[in-house]
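Down below is the structure, laid out as C-alpha cells.
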Amino acid sequence: MSAPAPSPLEIVGVEPGQTPARQDEVLTAPALEFLAALHREFAGRRDELLAHRAERRAEIARTGTLDFLPETAAVREGDWKVADCPPALLDRRVEITGPTDRKMTINALNSGARVWLADFEDASAPTWENVIGGQLNLTDAYERRIDFTDERSGKSYALRPAEELATVVVRPRGWHLDERHLECDGEPVPGALVDFGLYFFHNAQRLLDAGKGPYFYLPKTESHLEARLWNDVFVFAQNHCGIPQGTIRATVLIETITAAYEMDEILYELRDHASGLNAGRWDYLFSIIKNFRDAGSRFVLPDRNAVTMTAPFMRAYTELLVRTCHKRGAHAIGGMAAFIPSRKDAKVNEVAFEKVRADKDREAGDGFDGSWVAHPDLVPVAKASFDAVLGERPHQKDRLREDVDVKAADLIAVDSLEARPTYEGLRNAVQVGIRYIEAWLRGLGAVAIFNLMEDAATAEISRSQIWQWVDAGVVLDNGEKVTAELARKVAAEELAALRAELGEETFAAGNWQQAHDLLLRVALDEQYEAFLTLPAYELLRG
C-alpha cells in the first residue's frame with residue numbers, strides 16, 4: 001500500500017471574519033501543494049544560511065574588517081557572462097517602486113516607468129490582507145480586471161493599453177522573515193517562498209503567453225550562498241510547474257555590506273537567471289552599521305542625510321557595481337529618488353527636483369542603465385537624465401568601466417567622511433522612526449514622512465544610528481553626549497508633540513505609544529535586534 005501524500009499547508013492564526021476576500025483564488029489546493037514542496041525542499045537550507053549570517057557577523061566583530069573571498073577568486077577572475085536579457089527587461093532606464101495595493105498597482109503600471117518593482121518587502125507591512133490582496137491585484141492587472149475608485153476623492157483609476165504598462169518585477173520578503181499564517185509540518189513557511197511561490201505559480205505561464213516572464217528583485221542577500229539557494233529555488237519551481245529553465249530573471253539588491261564583496265559570485269550563482277544588480281542606499285548603510293556597530297569610532301556614521309552617494313565609500317560601492325555588472329553582461333540599476341512632490345509648495349519642489357536631477361545625471365554618467373523613483377511625477381525627471389546619455393539605446397552595458405579599481409578597504413572607509421553626528425540628526429532619527437513604525441503597525445509599509453517616501457529601511461537605519469551613537473558615546477554638535485537617557489528624552493518630547501499635533505482622540509486611535517516603545521527597545525537594548533520587522537511583526541495585527 002502506498003504512503004499517503006503529505007498534507008498541504010495549514011492556514012493558521014487568521015481571526016474569524018478576517019479572511020481576505022477571494023482568498024480561495026490564491027490559496028488553491030495546487031498552489032498550497034507547491035508552497036509545501038518549496039518549504040520541504042528549501043526551508044532547512046534557509047535556516048542554515050541564517051545561522052551562517054550570525055557566524056559571519058561574529059567574525060566581523062572579532063576582526064573589524066571584510067575582504068574579498070580568497071576561495072572564490074577563480075569566479076572573479078573568470079571569463080563568463082549571465083544569460084542574455086529577455087526583451088521585456090532590455091530597457092530599464094526608469095523603475096518605479098511601491099507596494100501592491102490596488103491603487104498603487106494601477107498607478108505604477110500607468111506611470112510611464114519601464115519597470116515597476118511590485119513590493120511585498122520593505123514597502124509592505126505583511127498583514128494577511130496585504131499578502132493575499134497583493135497577489136490578487138497582480139493577477140487582476142494581468143487579466144485587465146482591475147480598477148479602483150478612491151472613496152475620499154471619488155477619482156477612478158484604470159489601466160492604460162498593455163503596450164504602455166510597466167514591466168512588473170516582484171520583490172518577495174527577505175530570507176529572515178517567516179509567514180506566520182502558513183505552516184507546513186508545524187513550522188511557519190519562509191515569507192520569501194510564500195511571495196515568490198504564489199506569484200510564480202499563478203502567473204508564470206500567463207506572463208510567458210504575454211511575451212514577458214516572472215521577474216524578481218531579491219532583497220537582503222548577504223552572500224553568494226544565499227544567491228545559490230535562490231537559484232536552486234528557481235530551478236525547482238520551473239521544473240515543478242513545467243516552465244522552461246531560464247524563464248525566471250532575478251535582479252539582486254546589493255544592499256548589504258557583505259554582498260558588496262561578492263557581486264561577481266552572486267551573479268555567477270544566478271547566471272542562468274540573472275538580470276542585474278541594484279545599488280540601494282538606506283539598507284546598505286543599515287548593514288554597515290549592523291555589522292560594524294561595535295568596531296570603534298571609525299565606523300560611526302553621521303546623520304543619515306549627510307551620507308550621500310558621493311561619499312568616497314559609497315562611490316567605491318556604486319562604481320564597483322557598475323563595473324561588475326557590465327563585465328558580466330548584466331544591468332546596473334541605481335538607487336532611489338524618494339522625494340514626494342508637494343501640491344502646495346512650488347519652491348520645495350524646485351529645490352528637490354534639482355537634487356533628483358543631479359543624482360540621476362550622476363548615475364547615468366557613471367554608467368548605470370537605470371534608476372529608481374518613488375513617485376510618478378519623478379519618472380520624467382529620471383527619464384530625461386538617462387535619455388541624455390542613452391538616447392535610443394536600451395542600456396549602456398558596453399561601458400565596461402575598466403578605469404574602476406576598488407580595493408577591499410575602500411568599501412568600508414567610513415572614516416573618510418567629514419560630517420559628524422548632530423542633535424538634529426538624532427531628533428530626526430527618533431521622529432522618522434516613531435512615525436514609520438506607527439504606520440507599519442497599521443499595515444502600511446510605504447509612508448510619506450517629511451516629503452519623502454519611506455519604507456522599512458528608513459526605520460532600520462534610524463534605530464541603528466541611535467544604537468551606534470549610544471554605544472560609541474558620540475558627542476553631538478551641541479556638546480551633548482548621546483546616551484540612552486538622551487534618546488528617551490527626545491522620544492518623549494516627540495511623542496508629546498505628536499499628541500498635541502494630532503489631538504487626544506486621533507492620537508489614542510493610533511499606535512503611537514507602541515511605536516515609541518518599540519523604537520526605544522530596538523534602539524537601546526544591549527542585545528541588538530537583527531531586524532526591526534521581527535519584533536514589529538509580533539505586534540502587527542492581521
Side-chain angles (χ1 to χ4, degrees), residues 9 11 19-35 38 86-89 92 95-121 123-124 126-151 155-173 179 182 193-217 234 237-238 240-244 247-250 376 446:
L9 301 191
I11 303 168
T19 299
R22 301 168 60 199
Q23 174 180 286
D24 291 347
E25 295 179 38
V26 177
L27 301 181
T28 62
L32 290 175
E33 289 169 6
F34 177 55
L35 292 186
L38 286 173
L89 289 177
R92 303 177 62 172
E95 304 191 352
I96 192 168
T97 72
T100 53
D101 61 83
R102 211 156 182 85
K103 179 180 176 181
M104 183 66 195
T105 297
I106 298 170
N107 282 345
L109 289 171
N110 287 345
S111 66
R114 299 300 178 103
V115 165
W116 169 36
L117 186 156
D119 201 4
F120 287 92
E121 199 229 3
S124 179
T127 64
W128 191 229
E129 176 66 40
N130 287 344
V131 170
I132 297 301
Q135 295 286 344
L136 282 166
N137 291 335
L138 292 171
T139 300
D140 283 353
Y142 296 142
E143 293 293 307
R144 297 195 68 86
R145 60 187 182 213
I146 190 170
D147 53 39
F148 177 82
T149 300
D150 191 309
E151 293 181 0
K155 184 178 178 181
S156 295
Y157 300 82
L159 291 179
R160 292 177 176 173
E163 63 274 11
E164 297 179 25
L165 303 181
T167 293
V168 175
V169 180
V170 166
R171 180 162 70 170
R173 280 168 281 183
E179 174 47 65
L182 286 175
L193 296 181
V194 173
D195 300 336
F196 161 80
L198 290 174
Y199 179 73
F200 180 83
F201 184 84
H202 288 297
N203 297 296
Q205 189 59 55
R206 178 182 284 113
L207 287 161
L208 281 175
D209 293 343
K212 295 189 176 183
Y215 307 137
F216 298 92
Y217 258 110
F234 296 160
Q238 288 165 142
H240 188 282
C241 296
I243 301 296
T247 297
I248 292 172
R249 285 292 189 275

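For this chain, numbers begin at 1 and follow the sequence in order.
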Working to the nearest 0.5 angstrom, can you tell me the gap between [X] [atom1] and [Y] [atom2]?
X      : Y      : atom1 : atom2 : answer
Leu117 : Glu95  : CG    : CD    : 7.0 Å
Leu89  : Arg249 : CG    : CZ    : 8.0 Å
Leu35  : Leu27  : CG    : CG    : 8.0 Å
Leu198 : Leu138 : CG    : CG    : 11.0 Å
Asp101 : Ile106 : CG    : CD1   : 9.5 Å
His202 : Tyr142 : NE2   : OH    : 13.0 Å

Tell me, with the steps shown, if Arg144 and Leu165 meet side-chain contact (heavy atoms from CB on, under 4.5 Å). CA-CA 11 Å; Arg144 297 195 68 86; Leu165 303 181; 3.8 Å; yes
Determine whether [X] and [Y] make a side-chain contact, defined as any pair of heavy atoms from C-beta on separated by less than 4.5 Å.
X      : Y      : answer
Thr139 : Arg22  : no
Val194 : Arg173 : yes
Pro376 : Ile96  : yes

Neighbour count >12 (heavy atoms, 6.0 Å) for atom CD, Glu143: yes
For a side-chain contact (heavy atoms from CB on, under 4.5 Å) check, start with the C-alpha distance between Ile146 and Phe148, then their side-chain angles and the critical distance, and finish with the verdict. CA-CA 7 Å; Ile146 190 170; Phe148 177 82; over 6 Å; no
Would you say the side-chain atoms of Thr100 and Thr105 include a donor-acceptor pair closer than 3.5 Å? no
If only side-chain N and O atoms count, and only distance matters, is there a donor-acceptor pair under 3.5 Å linking Arg160 with Asn110? no
Lys/Arg-Asp/Glu bridge criterion (N-O < 4.0 Å) met for Asp119, Arg171: yes
Restricting to non-hydrogen atoms, name the atom on [X] and the atom on [Y] that form the minimum distance, rounded to 0.1 Å.
X      : Y      : value
Gly134 : Phe120 : C-CZ, 3.7 Å
Trp116 : Pro99  : CZ2-O, 3.4 Å
Val115 : Arg92  : CG2-CG, 4.2 Å
Pro20  : Trp128 : CD-CD1, 3.4 Å
Glu179 : Val131 : OE1-CG2, 3.6 Å
Ala166 : Ala113 : CB-O, 3.3 Å

Not counting sequence neighbours, which residues clear side-chain contact (heavy atoms from CB on, under 4.5 Å) with Asp209? List them please. Gln205
Test log, rule side-chain contact (heavy atoms from CB on, under 4.5 Å), inputs Leu38 and Phe200: CA-CA 12 Å; Leu38 286 173; Phe200 180 83; over 6 Å; no
Between the side chain of [X] and the main-chain N/O of [Y], is any donor-acceptor distance below 3.5 Å?
X      : Y      : answer
Gln23  : Ile132 : no
Asn130 : Pro126 : no
Gln238 : Thr247 : yes

Would you call the rings of Tyr199 and Phe216 parallel, tilted or perpendicular, taking 30° and 60° as the class edges? perpendicular
With side-chain hydrogen bond (donor to acceptor under 3.5 Å, both in side chains) as the test, pick out the partner of Arg102 among Asn137, Thr149, Asp147. Asn137
Step by step, would you call Val170 with Asp195 a side-chain contact (heavy atoms from CB on, under 4.5 Å)? CA-CA 9 Å; Val170 166; Asp195 300 336; 5.6 Å; no
